[in-house]
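Written out below as C-alpha cells is the structure these notes cover.
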Amino acid sequence: EPEELLRAPSLPPSLPALARSCAIACAKAQGRLGGRTGPAAAMAGTAAEREAFFSSLPPDEFAPLEVSLRQVLIDWLNSRPAPFSFPLLEWIDRRLGGEIATARDEAGQGEIRLQSAVAPAPPPPPVVVPGPEAFFASLPEDSFTAEEDALRSSIFDFLASWRSPDLACLADLSDDPGVVERCRLLMPQEARAMYKVRIAEWVSHRIGGELEIREDPKSGKDIIHLTPAAKKQVVERFQAMQTAANAAAAAAIAPPPAAGSR
C-alpha cells in the first residue's frame, strides 16, 4: 500500500537518495526547457513545452540522466513483491515537497518542477477603506443636495434659538435633535460607519464660508463662530422665530367670540 511504502524502512538506503537526485535533475531540465517562472509555473506545462522537452532527448538512446532515472525506477519496483504500483507523485509531494512541485496537465499526466522556479503568489491587494474625502467627492460641487439644505437649515435654526451668553460649541450642536435627525438623513448609519464623517467635517467642507469651528484654548471646547453673512442669517431667523412665537401667544390668549355672534 502507498502508506506502507512511504513509511517502509526496509528499502535499500541508496534508492531514495538516488531517486531524489534524479527527480531534482529532471525537474531542473524541465524547468530550463519549459522556460516559465512566476505563478503560472506552478501549473502544468503546455503541449508545446512537453514536445520541446522530448525533442531535446536523444532519439536512439537514453541520456545519462534517463539511464540513472530508469534504473532507480526499476530498482524501486523490484524492491517490492509484484504486483506493485509506485505512487511517484505522492512520494515526491510527501518526501520532496520542499524541493519539487508536482502538477498535472490537461490530460491528467503528472509533471514536476523545482519549487525555486515557482514564484509565490502575489499578496492580495490591500483593502481600501473609503474615508471622508470619498463621501465629499460624491456631493455636488456648486450646490447642496436636499438633505444638505435641510441640515444647513437645522444648524441655523439651532444657532438662532441659542440663549446662553456663551457661544455654542460643537457638542451642543451635535446634541440638538433637529440637527441629529438631519444628519441621519444625510448620512445613514452605514455611510457614517463607512466614511467616518463627522458633522464638524461636513461644516468645514460644505459651509466653511459661513461657520468656523475653532478650539477654545481655555476650555478646550470646539466653539462655533459665525461669519458676518452667517450672523445676518441667524438674526433674521431669530426675528422670524420671535414673530411666530408672538403670533402664537396672541392667538392663545385671544378671547373667544361672544355667544350667538357670527
Side-chain angles (χ1 to χ4, degrees), residues 1-131 133-134 137-138 190 193-196:
E1 295 298 321
E3 284 289 335
E4 183 181 352
L5 165 68
L6 295 170
R7 295 194 304 266
S10 59
L11 296 173
S14 60
L15 291 185
L18 188 54
R20 174 181 175 275
S21 298
C22 290
I24 291 176
C26 288
K28 287 181 178 179
Q30 185 176 3
R32 287 194 302 269
L33 291 167
R36 294 196 300 170
T37 59
M43 302 172 60
T46 65
E49 289 174 343
R50 292 193 295 275
E51 284 303 317
F53 171 73
F54 286 109
S55 297
S56 70
L57 302 176
D60 301 322
E61 60 181 351
F62 288 130
L65 281 176
E66 288 183 293
V67 173
S68 300
L69 181 57
R70 172 183 176 276
Q71 190 59 51
V72 167
L73 293 175
I74 290 176
D75 289 344
W76 271 95
L77 294 172
N78 286 332
S79 68
R80 305 280 293 185
F84 167 56
S85 297
F86 177 38
L88 179 58
L89 291 186
E90 184 178 358
W91 179 82
I92 291 174
D93 287 338
R94 296 177 64 168
R95 306 287 283 181
L96 303 177
E99 299 171 285
I100 298 176
T102 63
R104 291 189 180 275
D105 62 17
E106 66 278 2
Q109 299 297 319
E111 295 183 347
I112 58 176
R113 292 183 185 274
L114 286 176
Q115 287 282 14
S116 58
V118 181
V127 178
V128 178
V129 179
E133 293 302 326
S138 69
E190 312 85 66
M194 176 182 295
Y195 297 112
K196 303 188 185 307

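Since we're looking at a predicted model, the values are computed, not measured.
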Once you round to the nearest 0.5 Å, how far does [atom1] of [X] lie from [atom2] of [Y]?
X   : Y    : atom1 : atom2 : answer
S55 : R50  : OG    : CZ    : 12.5 Å
W91 : T102 : CH2   : OG1   : 12.5 Å
L89 : L96  : CG    : CG    : 11.5 Å

Of L73, V67, I74, which is the lone residue that meets side-chain contact (heavy atoms from CB on, under 4.5 Å) with R70?
->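 By the side-chain contact (heavy atoms from CB on, under 4.5 Å) criterion, R70 pairs with just one of L73, V67, I74: I74.
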
Hey, does P58 have a side-chain heavy atom less than 4.5 Å from the side chain of E66?
->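 In short, these two side chains touch, coming nearer than 4.5 Å.
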
Could you tell me whether the side chain of L57 reaches within less than 4.5 Å of the side chain of F62, counting heavy atoms only?
->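 Contact flag for F62/L57 side chains = no.
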
